[in-house]
Protein chains: 2
Amino acid sequence: MTVPVRPLAHGRAATRADVARYAGVSTAVVSYVVNEGPRRVSPGTAARVRAAVQALDYSPNVAARTLRLGSSEMLGLVVPDITNPFFAELAQAVEGAAAERGFLVTLGSSGSRVDLERELVTDLAGRNVDGLLVSTVLMPEALAALPAPRRPTVLINVSTPFAGYAAVGSDSRRGAYDLVEHLLGTHGHTSVALVIGESTERLPEPRERGFADAFAAHGLPPGPVVRTDFSRTGGYEATRQVLAWRHRPDAIFLSSDQQASGAYRAVREAGLECPDDIALVAYDGTTQSEFTWPPLTSSRQQIDLMARTALSAVLDPANAPAHQHLPTELVVRRSCGCSLP
Amino acid sequence: MTVPVRPLAHGRAATRADVARYAGVSTAVVSYVVNEGPRRVSPGTAARVRAAVQALDYSPNVAARTLRLGSSEMLGLVVPDITNPFFAELAQAVEGAAAERGFLVTLGSSGSRVDLERELVTDLAGRNVDGLLVSTVLMPEALAALPAPRRPTVLINVSTPFAGYAAVGSDSRRGAYDLVEHLLGTHGHTSVALVIGESTERLPEPRERGFADAFAAHGLPPGPVVRTDFSRTGGYEATRQVLAWRHRPDAIFLSSDQQASGAYRAVREAGLECPDDIALVAYDGTTQSEFTWPPLTSSRQQIDLMARTALSAVLDPANAPAHQHLPTELVVRRSCGCSLP
DNA sequence: TTGAAAGCGCTAACAA
DNA sequence: TTGTTAGCGCTTTCAA
């Protein structure tokens, strides 16, 4: 199945022993120089070692180091779908935050498939990663079915804690509330539909609760809910469905930017205009939301903060709170009906 | 700088020796069972070993295996920007193709920054990856400045070969030609502007040549070229610029979907309609292009094929051609002015 | 300040 | 069919 890769053609790569021999020192000294510690080395010797390193084009074998140290300075990140801009931005942020601390990250994108995700997590966990960040669509059961994590594992982008894991996520209930309240309060809409991904999180989904909360605050019964998946196609299909209702709502709240992308298409295909015929708002607030037309009013997740928070949690599991809620930010653009300069 | 991670609280993780002791066999036998070879083991013994593995919750130490075997079954992938849907789709494809062959992939996204990219490639290459796929914006110099790769390295998404590396990319010259020829031939446009990313590839950029080729085929001098960067903002700014010209062209050919996203926004902000006031076409053809309005006519890169081809090249460097050109596919939608059902 | 050497967990050649 | 063991490259304790 797998293809072993031979070392370079011109012979095996130089090892620490080669360098030591070349520089006329012991292997320990080479270590001290290469790692700048833990013992100090006289300047002259250090220079000879560096020259040898150069001459032999030596670079340390990470597997050996990992084996010895028990740490690989690698983190694993599992997301359901890297082509979803939210996860792409999250991956970018995690990678950046990890790099700042000297860690590399191995990414797995499961395509939202449960079995693949399980495999990914198990595999990654076995790969000497020092910690795991998992953003999964398959919360409770699948997670419980996993072998106990051998490494600090934090659940990222979840709104409810899960036994045995540290978790960080946005306060999506509040984010949803803000959006719907804006529609109901500022714009005086009375009928707003919710299009939401088929969640495997503990129900009711927080966005759905925020949605209902906003209606309650206005003394209204909650609007209709359409469940689909968290993709463009999901948003597209669901919106088509909503537009076909006898009484078209004033607005649709999409649970992700990705779904909103599909919603726009459905609206245009129906020959309708946003926001005149129907307002659209969405949860996520990735860069994509600035480039739709009209620009998308959204509750923006603080992706950088989420990445940093999650990173601190894996790297210092002892002090990681069971669950951290990050605030979202309401970004009003034009798709809700507001007319901005 | 780095935080070593301790084994599980309930003591150190089980090793192969623990399993051997528990099952009353030698470590070799455990190996044979776990790896299903290379020696065969009697069914009874194998069962005992499997029971021990289960009981001790044993999982092999990958670092040790890597050290021993000299192969990690990991590949490295470096892309300039994972939030660009093209690269996200590419990453997804590479990951999928790799998984089929038992490899995991470590992703690095450089944010298009030369220094970070150099660091990433060097770092990744040192990490016992069995091979490296690099899609870089900083072709010639930076690549030459890199230490010689210790592992098979293939350049991905490049249109010109580069000494010492296998390379795979789409035939972007042809892709560009198809698009512009469609505009000139089918639609009878005469003035088409090109918005292209600031390329670090050997000039002239193939898309620019394809663009010029199409004009030449019609006996026309090539249209105006605006150079910007390969981002939404780049496309946005460049398009604003084009729209401000005294003579607005009939169409703009954007060198990426990401730029096209920015272009749409610029067109709408200017109060113009696509394709009536100005036609838009782009190179890439990611899923994003199906969800713009109007849907984007594009030259679609065969991302899956590219991933597979590149993978074969890293995994079997001996037989990898210096450069492989993959055909693109013209996908006609509505942004060019075609009226589809 | 430097050297010798043990040992991290695994694979596979060799021996039984 | 199974056991013994060398050795992958590295870090670091202990001794000099």
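In what follows, every chain begins at residue 1, and chains take the letters A, B, ... in the order their sequences are listed.
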Rounded to the nearest Å, what distance is computed from the [atom1] atom of residue [X] to the [atom2] atom of nucleotide [N]?
X	N	atom1	atom2	value
Leu69(A)	dA6(C)	CG	P	20 Å
Asn61(A)	dG7(D)	CG	C1'	13 Å
Arg65(B)	dG9(D)	CZ	C1'	18 Å
Arg21(A)	dG3(C)	CZ	C1'	15 Å
Arg48(A)	dT2(C)	CZ	C1'	11 Å
Leu67(A)	dC8(C)	CG	P	9 Å

Output all residues satisfying side chain to side chain contact (heavy atoms under 4.5 Å, CB included) with [X], sequence neighbours left out; order by chain, then residue number.
X	result
Ala63(B)	Thr66(A), Leu67(A), Asn128(A), Asn61(B)
Val154(A)	Leu133(A), Ala166(A), Val168(A), Ala310(A), Ala313(A), Val314(A)
Leu56(A)	Ala14(A), Asp18(A), Val19(A), Tyr22(A)

**OP:** Would you indicate what Arg16(A) reaches in the nucleic acid, counting non-hydrogen atoms under 4.0 angstrom: base, sugar-phosphate, or nothing?
**Re:** base
Original post:
So what does Ser31(A) touch, heavy atoms closer than 4.0 Å: a base, only the sugar-phosphate, or nothing?
Top reply: base
Subject >> Partner set under side chain to side chain donor-acceptor pair (under 3.5 Å) for Glu89(A), not counting sequence neighbours >> reply: Thr287(A)
Grab the N/O contacts between the protein and nucleotides 1-3 of chain D below 3.5 Å, and write none if there aren't any.
unit_1	atom_1	unit_2	atom_2	d
dT1(D)	OP1	Arg40(B)	NE	2.9
dT1(D)	OP1	Arg40(B)	NH2	3.1
dT1(D)	OP2	Arg40(B)	NE	3.4
dT2(D)	OP1	Ser42(B)	OG	3.0
dT2(D)	OP1	Thr45(B)	OG1	2.3
dT2(D)	OP2	Ser42(B)	N	2.9
dG3(D)	OP2	Ser26(B)	N	2.6
dG3(D)	OP2	Ser26(B)	OG	3.2

Subject >> CG on Leu326(A) to OG on Ser170(A), rounded to 0.5 Å >> reply: 5.5 Å
**OP:** Could you pull out all residues at least two apart from Arg308(B) that satisfy salt bridge (Lys or Arg N to Asp or Glu O under 4.0 Å)?
**Re:** Glu100(B)
